[in-house]
Protein chains: 2
Amino acid sequence: MVATTPRNTRQRRAVAAILDDLDGFASAQEIHDILRHRGESVGLSTVYRNLQALVDASEIDALRNDDGEVLYRQCSTGHHHHLVCRACGRTIEVAGPTVERWADGVADKHGFVDVAHTLEIFGTCGACAASAD
Amino acid sequence: MVATTPRNTRQRRAVAAILDDLDGFASAQEIHDILRHRGESVGLSTVYRNLQALVDASEIDALRNDDGEVLYRQCSTGHHHHLVCRACGRTIEVAGPTVERWADGVADKHGFVDVAHTLEIFGTCGACAASAD
DNA sequence: GCCCCTGATGACAATGGTTCCCATGGTTGT
DNA sequence: ACAACCATGGGAACCATTGTCATCAGGGGC
Ligand SMILES: [Zn+2]
Ligand SMILES: [Zn+2]
Ligand SMILES: [Zn+2]
Ligand SMILES: [Zn+2]
């Protein structure tokens with residue numbers, strides 16, 4: 001169970017570069033398309049693998065939209081939640097210390113262990129709302 | 001745009017009965033299996049359709065687990081969230097007025113409109129934790 | 001109760017995101 | 001440069017969910 005260092009491949013660098021450039025959340029397929037259009041084509045399987053590896057290493061965040069697609073984003077470190085635009089993916093990280101304590105307290109009160117929570121706020125950002133008139 | 005009353009079919013009654021009996025969240029496929037074992041077999045498509053109709057009518061709640069499956073449950077009315085056991089589905093409804101205000105405030109402050117939020121707490125209930133020793 | 005219209009059903013196909021498989025290629029330590 | 005051996009990618013497989021459409025049955029009108 002020794003932690004193996006992942007290899008520094010062109011594909012791994014390309015995926016990381018996209019995540020670095022992108023501002024908001026994006027799906028694996030969107031990232032795959034962006035790579036294709038940049039001429040740095042990477043196999044879809046490889047995109048998925050590298051994204052999963054980054055999630056496992058806690059280097060990026062993942063969440064599911066209403067359609068069940070998984071979206072990825074390079075976030076700041078530490079526990080936080082997101083305010084996400086459904087149209088363009090623009091994201092604002094939010095911290096809610098009160099919510100954290102409340103969630104843990106609720107679970108504890110009812111004898112639940114190994115507790116985690118999901119909390120995301122979805123909406124339409126000002127720019128997308130303006131362009132939708 | 002007149003609201004049409006759904007027909008009172010055996011299948012619709014059977015699905016509703018299961019939801020009435022079940023305590024926690026369950027997937028469409030689980031409900032389909034339960035119906036089969038009860039001898040009240042209902043087509044899988046029909047299970048999905050009726051569940052979707054009940055969700056649209058706000059008569060049941062739906063949420064996604066970590067695996068991306070949609071789970072359904074007959075809940076009390078009004079806006080609330082859930083503390084759900086990952087192993088057995090046992091569910092406790094929780095209300096967090098503070099969280100509601102906080103989420104709306106965050107979205108408003110950043111100019112987001114058409115806002116909704118998801119908040120679920122997942123864990124292992126006492127019973128399941130005890131039987132896993 | 002009987003008919004008829006129309007919505008509901010169900011077996012199967014199709015969809016779509018994601019994962020699996022495995023032969024090939026590229027990376028890294030020596 | 002060499003030789004492991006991990007990573008890649010193209011396609012198949014997976015699996016929850018949705019679509020299709022011929023057939024069925026609820027229930028309003030009689
Ligand atoms: Zn936007
Ligand atoms: Zn949190
Ligand atoms: Zn449990
Ligand atoms: Zn809420």
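So that the names make sense, note that chain A is the first sequence line, chain B the second, and so on, each numbered from 1. Note that the structure is predicted; figures quoted are calculated from it, not measured.
- Rounded to the nearest 0.5 Å, atoms CG (B/Leu35) and OG (B/Ser41) are 7.5 Å apart.
- As rounded to whole Å, 13 Å separates atom P of C/dG25 from atom CD of A/Gln11.
- The phosphate of C/dT9 (OP1 or OP2) has no side-chain N or O of B/Ser45 nearer than 4.0 angstrom.
- In this structure, A/His82 and A/Phe25 have perpendicular ring planes: the angle between them is above 60°, well past the 30° mark.
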So A/Val115 and A/Asp108, side chain to side chain contact (heavy atoms under 4.5 Å, CB included) or not? Walk me through it. CA-CA 9 Å; A/Val115 174; A/Asp108 195 55; over 6 Å; no
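- Cluster partners of A/Leu44, by chain and number: A/Tyr48. The rule joins Ile, Leu, Val, Met, Phe, Trp and Tyr whenever side-chain heavy atoms lie under 4.5 Å apart.
- Non-hydrogen atoms lying under 4.0 Å from DNA chain D are contributed by nothing in residues 58-69 of chain A.
- In this entry the distance linking CG of A/Leu71 with P of C/dG17 reads 12 Å, nearest Å.
- Summarising the local packing, NE2 of A/His37 is surrounded by 12 or fewer heavy atoms from other residues, nucleotides or ligands at distances under 6.0 Å.
- Below 30°, between 30° and 60°, or above 60°: for B/His117 and B/His81 the angle between ring planes is between 30° and 60°, a tilted geometry.
- Between A/Tyr48 and C/dT18, a side-chain N or O to OP1/OP2 separation shorter than 4.0 Å is present.
- DNA chain D is contacted by A/Val42, A/Gly43 of residues 27-43 of chain A, taking any non-hydrogen atom closer than 4.0 Å.
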Could I get a table of every N or O pair under 3.5 Å where one atom is in the protein and the other is in nucleotides 28-30 of chain C?
from   : atom 1 : to     : atom 2 : distance (Å)
C/dT28 : OP1    : A/Asn8 : N      : 3.3

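- Rounding to the nearest 0.5 Å gives a distance of 9.5 Å between OG1 of B/Thr118 and CG of B/Leu63.
- Among the atoms of the strands shown, base atoms are found under 4.0 Å from some heavy atom of B/Arg49.
- At a cut-off of 3.5 Å, with distance as the only test, a side-chain donor of A/Asn8 or A/Arg13 sits close to an acceptor on the other residue.
- Within the structure, the salt bridge (Lys or Arg N to Asp or Glu O under 4.0 Å) test picks out no pair touching residues 47-67 of chain A (sequence neighbours left out).
- Side-chain contact between A/Lys109 and B/Val94 is absent, with no heavy-atom pair separated by less than 4.5 Å.
- Remark: of the listed residues A/Glu30, A/Glu120, A/Glu93, A/Glu93 is the sole one forming a salt bridge (charged side-chain N to carboxylate O under 4.0 Å, His left out) with A/Arg73.
- Atoms CG (B/Leu44) and C1' (C/dT9) sit 13 Å apart, rounded to a whole Å.
- You can see that DNA chain D meets the heavy atoms of chain B within a 4.0 Å-exclusive cut from D/dA16 to D/dG27, reading 5' to 3'.
- A/Arg86 places a side-chain N or O within donor-acceptor distance of the main-chain N or O of B/Asp114, the cut-off being under 3.5 Å.
- If you measure from atom CD of A/Gln52 to atom P of C/dT18, you get 10 Å, rounded to the nearest angstrom.
- Residues B/Phe112 and A/Cys125 approach most closely at CZ-CB, 3.6 Å, considering heavy atoms.
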